[in-house]
Amino acid sequence: MHNIDIIDKTKGYKAEKFIKESLKKGIEFLLKEEKSREDLSFSLSVALVGKDEIARLNESYRKKSGPTDVLSFCYNKDKRSVEGEVVLAPEAIKENACNSGKSFEAELEEVLIHSLLHVYGFNHGKKMFGLQKKFLE
């Protein structure tokens with residue numbers, strides 16, 4: 001069983017259904033790829049925040065100034081479950097989508113999968129980016 005809770009502090013982006021569906025597909029894909037973990041359950045909190053709030057969090061947790069599109073946190077991971085949080089800045093995601101020529105939904109899905117892989121425990125590298133690419137194809 002997977003639990004995904006969404007808190008929208010922006011009140012401007014009606015993407016809750018899309019976020020839940022993308023994360024559920026991402027979780028199923030990840031569990032299929034990580035064959036030994038098929039019974040793992042996920043509990044995720046997703047917060048949609050403004051650029052000012054994500055900039056403050058980015059400075060606090062990553063010591064980087066300015067806004068980012070997403071921050072990922074894993075609070076607990078054991079043999080049975082993964083608990084984490086994803087903080088999204090829809091305004092930054094929309095800007096990135098425009099800059100790359102993608103739709104908002106395509107950029108959002110990429111960010112969600114990227115953050116899910118981080119919550120699961122992956123760091124940037126060949127395996128992480130390979131899984132991300134495979135999912136998005």
Side-chain angles (χ1 to χ4, degrees):
M1 179 90 184
H2 309 299
N3 184 44
I4 300 168
D5 294 316
I6 299 175
I7 300 167
D8 185 356
K9 294 183 175 183
T10 66
K11 305 292 186 228
Y13 293 88
K14 301 297 181 200
E16 290 90 351
K17 183 177 178 184
F18 182 84
I19 291 169
K20 283 187 177 187
E21 288 174 359
S22 294
L23 285 172
K24 285 179 181 179
K25 286 191 298 186
I27 290 167
E28 295 307 316
F29 168 81
L30 180 58
L31 295 178
K32 182 180 171 191
E33 291 295 314
E34 298 287 301
K35 293 173 181 66
S36 64
R37 306 303 305 266
E38 291 178 9
D39 61 341
L40 195 64
S41 70
F42 280 76
S43 180
L44 299 172
S45 173
V46 180
L48 283 70
V49 301
K51 285 175 70 175
D52 290 342
E53 186 168 351
I54 206 156
R56 183 182 58 74
L57 293 169
N58 198 26
E59 174 71 32
S60 179
Y61 290 98
R62 296 179 62 222
K63 307 300 182 225
K64 296 189 178 197
S65 63
T68 186
D69 52 0
V70 64
L71 294 169
S72 308
F73 304 93
C74 181
Y75 298 128
N76 183 52
K77 181 180 176 189
D78 58 35
K79 292 181 179 183
R80 293 179 289 154
S81 65
V82 175
E83 297 174 42
E85 182 174 12
V86 175
V87 182
L88 302 168
E91 188 178 351
I93 294 168
K94 186 176 180 181
E95 288 172 8
N96 291 345
C98 288
N99 292 337
S100 65
K102 296 180 187 174
S103 69
F104 174 74
E105 289 80 10
E107 186 73 17
L108 177 57
E109 186 169 53
E110 184 172 340
V111 166
L112 287 167
I113 298 311
H114 186 87
S115 63
L116 176 63
L117 292 170
H118 277 310
V119 169
Y120 183 74
F122 285 101
N123 292 318
H124 289 172
K126 187 176 181 178
K127 184 169 183 181
M128 179 181 175
F129 290 119
L131 285 170
Q132 181 176 314
K133 182 179 179 187
K134 187 174 179 181
F135 175 84
L136 295 170
E137 290 174 344

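This one's a predicted model, so the numbers in the text were calculated from it and none came from an experiment. Index from 1, following the sequence.
Side-chain atoms of His114 and His124, non-hydrogen and from C-beta on, do get closer than 4.5 Å to each other. Between Lys133 and Glu137 the shortest side-chain heavy-atom distance falls below 4.5 Å. At least one side-chain heavy atom of Arg56 sits under 4.5 Å from a side-chain heavy atom of Glu53. Residues Glu109 and Leu136 meet the side-chain proximity criterion, which asks for heavy atoms closer than 4.5 Å. Side chains of Leu44 and Ile27 form a contact here, defined as non-hydrogen atoms less than 4.5 Å apart. Put simply, the side chain of Pro67 does not reach to within 4.5 Å of the side chain of Asn58, judged on heavy atoms. Looking only at side-chain heavy atoms (C-beta outward), Phe135 and Glu33 stay at 4.5 Å or farther from each other.
Here the closest non-hydrogen pair linking Leu71 and Ile54 is CD1-CG1, 3.9 Å. Between Val119 and Gly84 the shortest heavy-atom distance is CG1-CA, 3.9 Å. Of all heavy-atom pairs spanning Glu107 and Ser100, the tightest one is OE1-OG, 3.7 Å.
Atom NZ of residue Lys32 and atom CG of residue Leu30 lie 12.5 Å apart, to the nearest 0.5 angstrom. Between the CD atom in Glu59 and the OG1 atom in Thr68 there is a gap of 12.5 Å [rounded to 0.5 Å]. Taken from CD1 in Ile6 to NZ in Lys17, the straight-line distance is 12.0 Å, to the nearest 0.5 Å.
The number of heavy atoms from other shown groups lying within 6.0 Å of CG (Asn3) is above 12. Atom NZ of Lys94 has 12 or fewer neighbouring heavy atoms from other residues, nucleotides or ligands inside a 6.0 Å radius.
Scored by the salt bridge (Lys or Arg N to Asp or Glu O under 4.0 Å) test, Lys127 finds Glu34 as partners (sequence neighbours excluded). Residues that satisfy the ring-ring contact (aromatic ring centres under 6.0 Å, His included) test with Phe18, not counting sequence neighbours, are absent from this structure. Tyr75 meets the ring-ring contact (aromatic ring centres under 6.0 Å, His included) test with no other residue; sequence neighbours excluded.
Note on Phe129: it does not cluster hydrophobically with Ile113, by side-chain heavy-atom contacts below 4.5 Å among ILVMFWY residues. Put simply, Val86 and Val49 are part of two different groups of oily side chains (I, L, V, M, F, W, Y) that touch within less than 4.5 Å, one to the next. Transitive grouping of hydrophobic side chains (ILVMFWY, heavy atoms separated by less than 4.5 Å) keeps Tyr61 and Leu116 in distinct clusters. A continuous path of hydrophobic side-chain contacts links Leu112 to Tyr120 [ILVMFWY only; heavy atoms under 4.5 Å]. Using a 4.5 Å cut-off between side-chain heavy atoms of Ile, Leu, Val, Met, Phe, Trp and Tyr, with links allowed through other members, Val87 and Val70 fall into different hydrophobic clusters.
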>> Lys24 vs Glu28, test: side-chain contact (heavy atoms from CB on, under 4.5 Å). Steps then yes/no.
In response: CA-CA 6 Å; Lys24 285 179 181 179; Glu28 295 307 316; 5.6 Å; no
